[in-house]
Amino acid sequence: MSVGIVQERVAAAIAEALEIVKKQGLLTSEMFPSPVVEFPKREEWGDLSSNVAMSLAKKEGKSPRVVAELIAEQMRAACPFFEHIDIAPPGFLNFTLRRDCWDTVLTEVETQGACYGNSSIGHGRRVLLEFVSANPTGPLHMGHGRGAALGEALARLLRAAGYAVEREYYINDAGRQMKLLAASVYARYAALEGQTIAFPEDGYHGAYIQELAQGIQEQMGSNLLSLSPEEATARCGELAYEKLLAAIKQDLADFGITFETWYSEASLFTTGKIHDALNDLEKRDLVFKADGATWFRSTTFKDEKDRVVCKQDGDYTYLASDIAYHYDKLTRGFDWLINIWGADHHGYVPRMQGAVEAFGYPKDRLQVVLVQMVSLLRGGQKVEMSKRSGEFVTLQEVADEVGADAAKFFFLMRRSDTHLEFDLELAKKQSSENPVYYVQYAHARLASLLRIAEERGLTVPVVSDVDLSLLAAPEEFRLIKHLSSFPGLIESCAQALEPHRISFYLQELAGLLHAFYYKHRVLPPKEGEVQADAVEPGPDGEAVEAPREVVSPSVTQSRLALLQQVKTVLHNGLTLLGVSAPEKM
RNA sequence: GCGCCCGUAGCUCAGUCGGAUAGAGCAUCGGCCUUCUAAGCCGAGGGUCGCAGGUUCGAUUCCUGCCGGGCGCGCCA
């Protein structure tokens, strides 16, 4: 697996050395694992290190140190690009490369630009990514926001990794929840018209139901009262559904989330797909009738028990819709189905994978990413959220308060399967301390610097035109090394379906940039500007004055070239998360 | 009761396949703006990686048991 152009080169050199040592009869393994090359924890241990000798030692019956010696000796002889190769106990290979080996990283970023970090490991395989899929029975809340941010980031990540991704929203516009919505709205509407109708027991109580009823009253007047209660309820349901779905689409658009397809559950009924899917299962002898109901024999696929697909009263269950829906996804020719679900649905995963298997596909054709709950805190107090009680904070409200960028970044800072606490008061009060600003600020700082350079007639040079050996400061070298690991990061995040690591990478990169920025100057002083001495902390932490670094024209050129590449990677990373990279802040 | 997830610094959390002295942000404390954006930088303190075993050269990471927290076990969705 590639983790960047330099690491790849070292890994290849190790692999080559292993084969040569084997030919010399000093190693005996049939096959060697592809060597793992990573950044050592401490800079003194070199630029890159590998534990390959340790992992081979046992099989070879030699001590890790001896294996490391064999590899190192061969590599020293064969590879011109190492400054030196050290061995550290118990058998680490620590590589220090010639400084100019790293310069290819900058060229790479420059030539690939917005595509730097992309790869083709997906081989164009078609992925259906289904997410949010909230019932259109109310506005989206925080939990949906987390799923939305995750889905969008995953779509972008997988595309960057070479997959052909389609984003889809499954609209649960059939079944009991829709009936409850209709009845709730009708009851409110009737009340506005002076009639009292029993409010459904499990109905929706949110204030938005009242607003929907008012909207319908304004639109229809008292016309609905002339219909039968059943017809009026149905009409209320349709109108409410249209408005709520439109609101959901708007909320998502405002949050920067789009979908290629909106798939209606109700369409599964009208097109006969439920029937088709169940027929298919029947042919495979995977459905049976018992107790007046129809069952899917999901225990065949390691589910705890068989599940009802058609109830005694003849209605299909939600599972039946879902089976048909996934049947349809599979027949649409996708190579990989990814669903993002709330973690409270985890018990549902085995039976859906069972359904996939039932249709003759490997069960991992469907992968479910679970998203844990978001607890909303307001001033340290937990806000209980439930659509039924109407007690919840909407995604829209949160995005208005803290901004869509900050909200998305916040959602993507943690692994999706851990519980997330989001304190609104804190997010509002300390929004400037939100890590998203730290990263965005790094980008804006660079944009500003490059802008000023242009204003002073200093065009950003092409990497090949500058003397990269001038980038000798540790802060500069760290930036270059960090840029080199971006492609590998994207690959591993895409494979693990874990975009949160991108946000950590960006925070590190921003940190390196800010450290560089404080310590070094890029542009020459303006004419007549008196350069004060720099202030640096001395050994005891007290400030000491140090002479200000002199920036020659060629150093300026080299640094501009470097920073342009840093800016590109910050931009690419933020874009993957669906967060904007501002030119000014 | 059974199943899934989580348990790492005061708080919120990172920590690919087992690797070297376990990291970051916030909070606390001490410094740094006449300069290209201080929404920034530098430094200090802070840890039994829930507990106990096991596997091995080596375990926060893998296995088993236990404790604590969350969720799920409908002819609801």
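Because the structure is predicted, anything quoted here is derived from the model rather than measured. Order of the sequence lines sets the chain letters (A, B, ...), proteins ahead of strands, with each chain counted from 1.
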Length of the CG-P vector between A:Asn51 and B:A20, whole Å = 10 Å
Any luck finding a side-chain donor-acceptor pair between A:Gln177 and A:Asn172 under 3.5 Å?
-> no
Which whole number of Å gives the distance between the C1' atom of B:A38 and that of B:C33?
-> 6 Å
Consider the side chain of A:Ile452, meaning its heavy atoms from C-beta on, and name the nucleotide among B:U37, B:A20, B:G40 that approaches it most closely.
-> B:U37
CD of A:Glu38 versus C1' of B:G23: gap in Å, rounded?
-> 15 Å
Does a donor on one side chain sit under 3.5 Å from an acceptor on the other, for A:Ser321 and A:Glu265?
-> yes
Could you tell me whether A:Glu455 and A:Arg451 make a salt bridge, using a distance below 4.0 angstrom between a side-chain N and a carboxylate O?
-> no
Provide, to the nearest angstrom, the distance between the NZ atom belonging to A:Lys302 and the C1' atom belonging to B:C73.
-> 20 Å
Ring centre gap for A:Tyr348 and A:Trp341 strictly below 6.0 Å = yes
Give the rounded distance in Å between these two atoms: OH of A:Tyr318 and P of B:C75.
-> 16 Å
For the side chain of A:Ser49 and the base of B:A20, is some donor closer than 3.5 Å to an acceptor across the two?
-> yes
A:Tyr441 side chain, from C-beta outward: closest of B:A39, B:U16, B:C76 = B:A39
Does A:Arg445 make a cation-pi contact with A:Tyr517, if we ask for NZ or CZ under 6.0 Å from the ring centre and within 45° of the axis?
-> yes
Let me know the distance between CD of A:Glu498 and P of B:U16, rounded to the nearest Å.
-> 8 Å
What's the closest nucleotide to the A:Phe504 side chain, out of B:A38, B:A14, B:C42?
-> B:A14
A:Phe288 and A:Trp295 aromatic ring geometry - parallel, tilted or perpendicular at 30°/60° bounds | parallel
Report the nucleotide, chosen from B:A39, B:C6, B:A77, that has the shortest atom-to-atom distance to any side-chain atom of A:Asp417.
-> B:C6
B:C13 C1' sits how many Å from A:Tyr438 OH, rounded?
-> 17 Å
What does the list of N/O pairs under 3.5 Å between the protein and nucleotides 68-72 of chain B look like, with a distance for each?
from  : atom 1 : to       : atom 2 : distance (Å)
B:C71 : O2     : A:His346 : NE2    : 2.9

In whole angstroms, the gap separating C1' of B:A39 from CD of A:Gln507 amounts to 14 Å
Presence of donor-acceptor pair under 3.5 Å, side chain of A:Ser448 and base of B:U37 = no
Nearest whole angstrom, please: distance from the C1' of B:A39 to the CG of A:Asp405.
-> 14 Å
Under-4.0 Å side-chain N/O to phosphate OP1/OP2 contact, A:Tyr517 with B:C33 = no
Pairing residues for A:Tyr505 by the ring-ring contact (aromatic ring centres under 6.0 Å, His included) criterion, not counting sequence neighbours = A:His482, A:Phe486
Under 5.5 Å between ring centres and under 30° between planes: does that hold for A:Phe92 against the base of B:G19?
-> no
Write down the partner of B:C2 under the Watson-Crick or G-U wobble criteria, each distance required to be under 3.5 Å.
-> B:G72
Salt bridge check: are A:Arg176 and A:Asp315 linked by an N-O gap of less than 4.0 Å?
-> no
Please measure how far the P atom in B:A20 lies from the corresponding atom in B:G31, and state the result in whole Å.
-> 36 Å
